[in-house]
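All residue numbers in this chain count up from 1 along the given sequence.
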Amino acid sequence: MPREVALDWLRKNESRVLAISDRIWELAEVGLQEHESSKLLAQELRKDGFKVDLGVAGMPTAFVASFGSGRPVIGILAEYDALPGVSQKAQPTREPLKKGAPGHGCGHNLFAAGSTAAALAIREAMGRKNLKGSVKLYGCPAEETLVGKVFMVRDGFFAGVDVALSWHPASCNSAWMSSSNALNSVKFNFHGLTSHAAADPERGKSALDAVELMNVGVNYLREHISEKARLHYVIPHGGGEPNVVPDYAQVWYYVRAPKRDEVEQIYGRVVNIAKGACLMTDTTMDLELLVGCYEMLPNRALSDLMIRNMREVGPPKWSGEDLSFAKKLAESMTPQERKNAILKSRMPKKEERVEKFLDDAVDDPEDEKEVMAGSTDVGDVSWVTPTANLVTATCVLGMPGHSWQEAATSGMSIGHKGMILAAKTLALTGIDLLTKPEELKKVKDEFESKTKGFTYKSPIPPGQTPPLNQLAH
């Protein structure tokens with residue numbers, strides 16, 4: 001049976017998958033700079049017969065790896081960008097591998113290796129059992145800044161894909177049925193005129209004044225937008241020395257809301273506030289829309305199929321060493337902090353998990369019709385093809401995301417075990433969709449019903465190139 005072939009491949013190649021994950025964990029490359037990580041994944045896929053197109057959609061670290069021909073086409077998403085400043089050794093006390101360096105505080109090393117393993121296992125089953133169809137592994141850079149998939153979708157790389165399968169490291173074993181916030185990421189560049197700040201300030205036009213006045217205006221705007229919308233910013237450039245009126249200043253905004261059209265509405269008001277700041281300071285302004293993304297469109301039929309397969313595989317079996325590591329790591333938070341984090345989360349059966357350190361169950365999702373506060377570029381994929389997100393336990397219950405604690409478990413057996421569960425679940429789900437047309441039909445029927453009358457329009461203008469230097473100041 002194809003399912004057994006895939007699971008057997010994963011059992012025999014587990015050490016290979018762990019080595020891929022650990023190497024990407026060591027590399028810890030930030031978004032759009034994941035050169036070695038993407039090359040490693042491409043090399044592993046080519047080794048097993050995949051055709052790999054590296055550098056797609058104008059991003060050197062984006063790729064599409066394909067095996068097979070014809071329909072159905074099963075897409076699997078992989079992410080591999082790290083986070084700045086969370087470098088951490090695989091130990092339960094704080095000690096960076098390299099001070100100030102990036103680290104995998106969101107577990108994307110596991111995401112990359114687990115998804116790649118699932119694609120390779122499906123490929124093995126397709127080859128040995130002569131299955132019709134195709135599998136595509138999408139190497140998606142810069143998820144943390146919501147870049148990779150948005151440009152890949154805009155440029156047509158998901159055209160013809162019947163289903164997209166995704167997963168993400170988490171602290172429980174379930175699936176996401178919630179939506180997410182749509183988002184615009186935009187930099188406002190203000191230009192003024194320098195002068196001596198003490199001797200002749202009247203001759204200067206302060207770009208920093210414009211930034212500050214814009215921020216005041218946006219903070220007043222918060223009162224007049226929906227309570228679920230979010231506006232946050234940083235000031236990458238604020239001038240040089242206090243003795244010089246700054247002729248250049250920059251503020252970088254995220255505008256988030258539960259629906260794409262609401263983001264566009266709020267974004268328009270933010271732009272008008274920036275224009276008003278120019279009028280008040282006699283400065284000029286240009287803006288850079290770095291990226292925009294849609295909210296997530298869940299698919300119940302696909303999520304249910306994933307959950308059934310996850311239950312067949314079974315949750316991770318934690319060793320005494322895993323539990324000791326988790327308990328020690330939990331000491332980095334107070335018991336009340338950890339309890340509050342669990343109760344605030346969207347995971348199922350939260351009250352039952354307060355006394356646990358590692359999740360040992362598989363639950364149906366309980367977050368349908370909710371909107372998570374964050375954003376993901378998986379949202380754009382979900383509006384052009386049916387998409388579902390699996391989550392598996394790779395970190396300690398109640399630990400913060402984007403943290404050194406998550407970087408620690410992403411480099412050892414707790415993260416490894418959750419990753420292998422994800423790989424097996426994705427592989428079984430992909431094979432079901434290749435071999436059971438009735439399952440694929442249910443997934444596609446739901447998608448067509450939810451998107452009836454909708455036409456996807458990329459938030460990114462046609463000629464715009466990816467912001468390869470988005471973090472440059």
Side-chain angles (χ1 to χ4, degrees), residues 30-33 58 83-85 100 142 144-147 150-151 181-226 229-257 262-293 375 458-473:
V30 296
L32 298 172
Q33 305 301 316
L83 291 162
E144 297 295 353
T145 47
L146 306 164
V147 173
V150 177
F151 282 89
N181 271 320
L183 173 144
N184 273 5
S185 171
V186 56
K187 290 181 177 180
F188 294 90
N189 300 297
F190 290 90
H191 307 276
L193 184 66
T194 61
S195 71
H196 195 295
D200 54 352
E202 70 279 3
R203 297 175 66 182
K205 298 177 181 179
S206 174
L208 180 59
D209 285 355
V211 164
E212 292 189 300
L213 286 165
M214 176 185 175
N215 294 341
V216 169
V218 170
N219 287 333
Y220 276 105
L221 175 63
R222 296 176 195 276
E223 183 182 355
H224 304 289
I225 59 177
S226 73
R230 295 287 184 271
L231 296 165
H232 26 264
Y233 61 85
V234 294
I235 303 175
H237 280 295
E241 299 177 0
N243 201 32
V244 181
V245 173
D247 66 344
Y248 173 69
Q250 181 190 76
V251 60
W252 185 0
Y253 268 86
Y254 277 6
V255 179
R256 302 187 204 249
E262 188 179 6
V263 168
E264 295 289 356
Q265 180 185 20
I266 297 170
Y267 174 67
R269 297 186 70 179
V270 171
V271 171
N272 282 338
I273 290 170
K275 293 175 180 177
C278 289
L279 291 174
M280 287 187 283
T281 55
D282 199 18
T283 57
T284 61
M285 179 273 295
D286 60 79
L287 62 85
E288 304 170 67
L289 177 63
L290 300 178
V291 75
C293 72
S375 308
S458 176
I460 306 302
Q464 183 171 322
T465 58
L468 300 181
N469 296 314
Q470 61 182 335
L471 298 181
H473 296 337

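In this model, no donor atom of one side chain and acceptor atom of the other lie less than 3.5 Å apart for Asn272 and Arg269. For the residue pair Asp286/His191, the side-chain donor-acceptor check at 3.5 Å is satisfied.
Put simply, CE on Met214 and OG1 on Thr281 are 12.0 Å apart, with the number rounded to the nearest 0.5 Å. Here the straight-line distance linking atom CG of Leu287 with atom CZ of Phe190 works out to 9.0 Å at 0.5 Å rounding. In this structure, CD1 in Ile225 is found 12.5 Å from CZ in Arg256, a value given to the nearest 0.5 Å. Residue Ile460 holds its CD1 atom at 5.0 Å from CG of Leu289, rounded to the nearest 0.5 Å. Here Asn184 contributes atom CG and Glu264 contributes atom CD; the two are 5.5 Å apart, rounded to the nearest 0.5 Å. Of the inter-residue distances, the one linking Thr284 atom OG1 with Lys275 atom NZ reads 13.5 Å to the nearest 0.5 angstrom.
Using a 4.5 Å cut-off on side-chain heavy atoms (C-beta onward), Glu288 and Pro467 make no contact. For the pair Trp252/Ser185, a side-chain contact is recorded, criterion being any heavy-atom separation below 4.5 Å from C-beta on. In this structure, the side chains of Val270 and Phe188 come closer than 4.5 Å at one or more pairs of heavy atoms. Using a 4.5 Å cut-off on side-chain heavy atoms (C-beta onward), Thr145 and Val291 make no contact. At least one side-chain heavy atom of His237 sits under 4.5 Å from a side-chain heavy atom of Tyr248.
Identified under the salt bridge (charged side-chain N to carboxylate O under 4.0 Å, His left out) test for residues 201-214, with sequence neighbours left out: Asp200-Arg203, Lys205-Asp282.
Classification of the Tyr233-Tyr253 ring pair by plane angle, with boundaries at 30° and 60°, yields tilted.
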Worksheet item: Please walk me through it: do Asn243 and His196 pass side chain to side chain contact (heavy atoms under 4.5 Å, CB included)?
Response: CA-CA 6 Å; Asn243 201 32; His196 195 295; 3.4 Å; yes
